[in-house]
Structure formats: C-alpha cells, structure tokens
Amino acid sequence: MTKNNSGNRLPSSIEKFILHLHPPKIDKRALKFTRTFGLGGINALLFVILCFTGLVLRFSYVPTVQHAYDSIVALQSDTVFGQFIRNLHHISAKLMVIVSFLHLIRTYYSQAIYKKRAENWIYGLIMMFMVIVSSFTGYLLPWDQLAYWAVTVITQIIEYVPYIGHPIANLVRGGETVDGNTLLNFYNLHTGIVPIVFIFLMSMHFWLVRKAGGVALPEIDKSKAERVFVIPNLLWLEIMVAALLIAGLFVFSTFYHAPLLEQANPLNSPNPSKAPWYFLGAQELLLHLHPFFSAVLLPLAVGIFFFYLPYFKYSNLNTGVWFNSALGKRMTIHSAIFSFVFTFVLTYLLEHFLHFDLWFASLGSWFATGLVPFLIYTIPFIAYLWYWKTKHGAKTEEIVMTITTILMSSYICMMLISLLLRGKGMLMII
Ligand code: HEM
Ligand code: HEM
C-alpha cells in the first residue's frame, strides 16, 4: 500500500478516477435512494452497455439493403451469443428512453432545474432528444417490415411542416423514399456521430452537476448538514444498483427476444403502420388534428415551453422540495389524472361521435379539424387552471407545474391509446 509523508494511505488509481466523477464528500441526505432513484447513474450505465453491445453488433452487421436483414438473421442463428447481445442492446435502448424520461420527471418535480441548475436542464433536454435520435436511427437497422414502415411513417409526418418539412425529410432519408441511402445515413449517425455527441453532452452534464454542488437538496442550516465520504458510502450504493441492473438485463435478455419481422418490403405496407412507440403520441395527435396544429404549432410551442421552464418569473421556489409545496403536490396528482381521463374521453368522442370534418367541411379543414378540436381541448384546461388560481391561490410555480403535468400526461395517454387500442386502418378497437 502506498503511503504519503504523514503516513496516510494514498488513493488507488480507481479511487482517483471515482474522485474525478464525484467530490470526496457529499451531504448525507443525497444518499437517500428516493432523492434521485439512481436514475442518472442508471442512464449512464445503460449508455455504456449500449456502446459495448453496439460495438459487438457492428462485427456482423452490414448496412446495405441487400445484406442488413440477412446479417441480423445470421447473427441470431449462427453467432455464439449473437441473439443475446442483440436482445441486450434492444432492451437497454428501450429502457434508456424510459429511464431518461423518469429522470427528467425526477429532476423537474424535485425542483432541481432552477438557478444554477437551469443550464443542466437545457443539456438534459438536448440529451433526451439525442436518446430519441439514437433509438430512432437504431430502429431502422434491422431492415424488417416493422423498421421500414415505422421510419416511413415518421418521415411522412416531418413532411407536414410547411416549407422546410420536405427538404428536411429528404435530408434524413437521403432522397425521396426510405432506401439504401437512408440505411447508410442512419447507420453512420447511429454508430458514429450520435455516440460521440452523447459523450460530449454527458461530460458537460456531469460537470454541471458538480459545479452546482451536487444534487438539489432542501435548504437547511449549514451547521446541521452532515457530510460523508463518497468512498465507500455512495460507491457501494452505486455498485449495488449497477449489479442489480446488469443482473436484471442479463436475465431478461435470455428470455425475451428482440422482434424481427419479415424483410422490409417497400411495396407492401402492414396494416396498421405504426411509428416507433415513443412517437405514437404524435401519430395519434395527427389522426385528430390538422397537421399545422399537430405537426407544427403544438410541437414548437411545447418545445419552447420546456426549454423555458427554468426561466419563468417564479416568486417562491423551494429547491429540492418535491412538488415545491403541498398545493403543488395536490395539483400535480389531480391534473395528471384529470388530463389523462379527459384526453381519453375526448379521443373516444372524436373517433366515434364528433365528426367535425363532416359538420364543418364547408369552412375548410384548417377550421374543422384544426381550430375547433384545438379549442375544445384547451378551453377546459384554461378553466381548470383558473379554478386553482382563484379558489386555491396557486402561484406561478404551481400553475406552470400543472401545465407541464397536463402536457406529459396527455402525451402518455395518446401514446397508450395508439399502442394498445388501435388496430387495422388505425381505427380504435373499442
Ligand atoms: C444511446 C445509445 C444507443 C441507443 C439508444 C441504441 C438503440 C438501438 C436500437 C433501438 C436498435 C434496434 C435494435 C433492434 O430492434 O433489435 C439498435 C440497433 C443497432 N445498434 Fe444501437 N443504440 C445505441 C448505441 C449504439 C452504438 C454506440 C453502436 C455501435 C457503435 C450501436 C450499434 C448498433 C447496431 C450495429 C445495430 C443493428 C443491430 C440490431 O438491430 O440488432 N448502437 N440500436
Ligand atoms: C440521457 C442521459 C442522462 C444521463 C446519463 C444523466 C445523468 C445524470 C446524473 C448522474 C445526475 C446526478 C444524479 C442524479 O440525479 O441521478 C444528473 C442530474 C441531473 N440531470 Fe441528468 N442525465 C441524463 C439525462 C437527463 C435529462 C433527459 C434531463 C432533463 C431534461 C436531465 C436533467 C438533469 C438535471 C436538471 C440534473 C440535476 C439534478 C439535481 O441537481 O438534483 N438529465 N443527470
């Protein structure tokens, strides 16, 4: 064991590496599992697993229309552990989308996105986008019917954006249709550019967590804060979570097989043709709302709103306090349930009873399937927010949190409707 002049043990190189990621000491309250649920760390580990399994997959994968599908079939049947590695990559990718979203929810509702953490929220949102880009570009690579048509559906949605939609869709596809150029574009993005950008973003993200003084905690008297050593306290916790995650992934990857349908056939679209699961909310919205609203106005407004979240004029922020206040908690739970049920009921009515496209056909589709359903959806929510403001004295922080909750809950509801309740011709099966 190496000792310094005063006889103290010097840290090993592994310990030194850990101390580059973490400070030597942290507030004891940060160790409580329910503070972070370990979600940021789980995400980082999933990324490492994806890089390793992805690099192994690259040995047998061939990114051409002629060979992509066959290379996956060969990987699954002829290569030792080929199926297992593919399953592991597939499951980790799905989990990363879910865990990233849960981590976003955790940081948001525990009031960890304001003031000195605002910049990290912006990095986080860009990382959420990159997780989606990684998953989407990977989705096409097996080149089966599922992959081909899911990517076709999404690039068609991009085309709805006026003026720039078509050129952007062509840029993504490398031409007018999904073909060999698209496959090569996606392969290069997926296995080259996106992981490199990710590593940069992750490094900045970790550094900003440290710069902010660690995870957000409620304010207390400084003399009462107990500080503990990261090694071994936090380190053991991280090792335990990592071991559980890896064990769970290994067991699951042994039994669950990543789907592979028949080889992509551009002449035969499956019925229904669905987007990748995380985009299903957007596809659902497009069924009911004029493309200008569903593919342009709403995504733009929601995107700006999320980026602006840390910067509204708040008067009473309680950093590190879940839901900011007791009223904030009540409003969040209430609005999550309310918007989920409301979105479901309205979708059902639009499908079976409210035929605005026929009733107002003479006034044009912009009015009939755009403005009318848009107002029917938003007016009750405006009244709802008004109720909380006037009856319960809700402040900006609670109102903004409720709007965020409504948006996320509605999206999840639409995603589930599309995933579980839509069959042939994208018609509702109930
Ligand atoms: C954030 C990181 C990543 C995510 C979210 C991700 C996601 C995905 C997804 C969803 C698929 C389709 C899998 C399937 O349907 O079975 C896929 C396939 C693939 N990925 Fe990744 N991936 C990531 C990183 C990487 C890296 C770093 C590489 C290589 C350097 C890689 C190489 C591949 C290859 C070769 C395939 C085709 C094989 C197959 O479909 O089974 N991936 N990826
Ligand atoms: C996708 C890869 C991501 C990785 C690897 C990652 C990793 C981490 C880690 C390790 C932490 C510190 C501990 C923890 O909270 O668990 C953290 C904190 C944070 N993350 Fe992420 N994160 C990712 C994505 C995101 C996303 C999508 C958002 C939000 C849009 C986000 C926003 C934040 C914020 C605001 C903090 C500071 C939290 C606090 O101070 O309590 N991150 N992240």
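For ligands, and for the atoms within them, numbers begin at 1 and follow the listed sequence.
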Inset, instruction - Determine the interplanar angle of the W121 and F306 rings, folded into 0 to 90°, and report it as parallel if under 30°, tilted if 30 to 60°, perpendicular if over 60°. - result: parallel

Quick note on ligand 1: atoms under 4.0 Å from a heavy atom of L55 include exactly 29 (C), 30 (C)

message: Using the rule given for side chain to side chain contact (heavy atoms under 4.5 Å, CB included), can you reason through M426 versus K274, listing the C-alpha separation, both sets of side-chain angles and the distance that settles it, and then say yes or no?
response: CA-CA 8 Å; M426 286 304 272; K274 290 192 183 179; 4.0 Å; yes

With rounding to 10 degrees, H103 NE2, atom 21 (Fe) of ligand 2 and H205 NE2 define an angle of 170°

Looking at H89, M130, M96, the heavy atom closest to atom 17 (C) of ligand 1 belongs to H89

Identify whether the distance between the nearest side-chain nitrogen and carboxylate oxygen of R173 and E159 falls below 4.0 Å. yes

task = Could you establish whether S100 and ligand 2 come within less than 4.0 Å of each other, counting only heavy atoms on the residue side?
result = yes

If you scan protein heavy atoms around atom 28 (C) of ligand 2, the nearest is G124 CA, 3.3 Å

for atom 3 (C) of ligand 1, nearest protein heavy atom and its distance come out as L50 CD1, 3.7 Å

Do the two ring centres, one from H67 and one from W143, sit under 6.0 Å apart? no

Do the two ring centres, one from Y108 and one from F323, sit under 6.0 Å apart? no

**Prompt:** Any side-chain donor paired with an acceptor under 3.5 Å for T402 and Y384?
**Reply:** no

| request: Evaluate the side-chain proximity of H257 to H90: yes if any heavy-atom separation is below 4.5 Å, no if none is. | output: no

Practice task
Show the numbers, then the answer: is there a side chain to side chain contact (heavy atoms under 4.5 Å, CB included) between F252 and L88?
Solution key: CA-CA 8 Å; F252 207 61; L88 196 54; over 6 Å; no

Quick note on ligand 2: atoms under 4.0 Å from a heavy atom of V131 include exactly 1 (C)

Check: of A93, C51, P195, P259, min heavy-atom distance to atom 7 (C) of ligand 1 comes from A93

Atom 12 (C) of ligand 1: closest protein heavy atom, distance to 0.1 Å, is G138 O, 3.2 Å

Closest to atom 37 (C) of ligand 2 among protein heavy atoms sits A112 O, 4.1 Å

One finds that the ligand 2 atoms under 4.0 Å from a non-hydrogen atom of F206 are 7 (C), 10 (C)

Taking only non-hydrogen atoms of A44 and a 4.0 Å limit, the atoms of ligand 2 in range are 5 (C)

*Do the ring planes of Y377 and F381 sit parallel (below 30°), tilted (30 to 60°) or perpendicular (above 60°)?*
perpendicular

The answer for which part of V209 has a heavy atom under 4.0 Å from ligand 2 is side chain

- Message: Less than 4.5 Å apart, side chain to side chain, heavy atoms only: is that true for T191 and Y61?
- Response: no

query = Are any of the N or O atoms of N43 closer than 3.5 Å to those of ligand 2?
reply = no

Classify the angle between the aromatic ring planes of F198 and F47 as parallel (below 30°), tilted (30 to 60°) or perpendicular (above 60°).
parallel

Are any of the N/O atoms in R86 less than 3.5 Å from those in ligand 1? yes

For L57, the ligand 1 atoms with a heavy-atom partner under 4.0 Å come out as 35 (C), 38 (C)

For atom 40 (O) of ligand 2, the closest protein heavy atom turns out to be R117 NE, 2.7 Å

Counting heavy atoms under 4.0 Å, the part of I72 that contacts ligand 1 is side chain

Next on the checklist: Counting only nitrogen or oxygen atoms and a 3.5 angstrom limit, does N120 reach ligand 2?
Outcome noted: no

Exercise for review: Verify whether the ring centers belonging to H290 and F374 lie closer than 6.0 Å.
Suggested key: no

Does any N/O atom on R106 come nearer than 3.5 Å to any N/O atom on ligand 2?
-> yes

The closest protein heavy-atom partner of atom 41 (O) of ligand 2 is A216 N, 2.8 Å

Among M127, H190, H90, R58, closest by heavy atom to atom 13 (C) of ligand 1 is H90

Heavy-atom proximity to atom 5 (C) of ligand 1 ranks first, among S134, P142, A147, A258, for S134

Inset, instruction - Answer yes when E397 and K313 have at least one side-chain N-carboxylate O distance shorter than 4.0 Å, and no when they do not. - result: no

Is the ring pair F37/F33 parallel, tilted or perpendicular, if the boundaries are 30 and 60 degrees? perpendicular

closest protein heavy atom to atom 34 (C) of ligand 2 is T107 CG2, 3.4 Å

query = Are any of the N or O atoms of G40 closer than 3.5 Å to those of ligand 2?
reply = yes

Atoms of ligand 2 under 4.0 Å from any heavy atom of G41, numbered from 1 in the order shown, are 10 (C)

Per-atom filter on ligand 2: closer than 4.0 angstrom to a heavy atom of V215 are 13 (C), 39 (C), 40 (O), 41 (O)

Separation between CG (L317) and NZ (K115), nearest 0.5 Å, reads 5.5 Å

If you scan protein heavy atoms around atom 29 (C) of ligand 1, the nearest is G54 C, 3.4 Å

Ligand 2 atoms nearer than 4.0 angstrom to some heavy atom of L104 are 29 (C), 30 (C)

TODO: For residues W322 and Y109, establish whether the separation of their ring centroids is below 6.0 Å.
DONE: no

for atom 36 (C) of ligand 1, nearest protein heavy atom and its distance come out as L141 CD1, 3.5 Å

The atoms of ligand 2 lying under 4.0 Å from a heavy atom of G214, numbered in the order shown, are 40 (O)

Aromatic contact, Y114 with Y311 (centres under 6.0 Å):
no

Check: When you check the gap from the basic side-chain N to the acidic O, do R422 and E284 get nearer than 4.0 Å?
Finding: yes

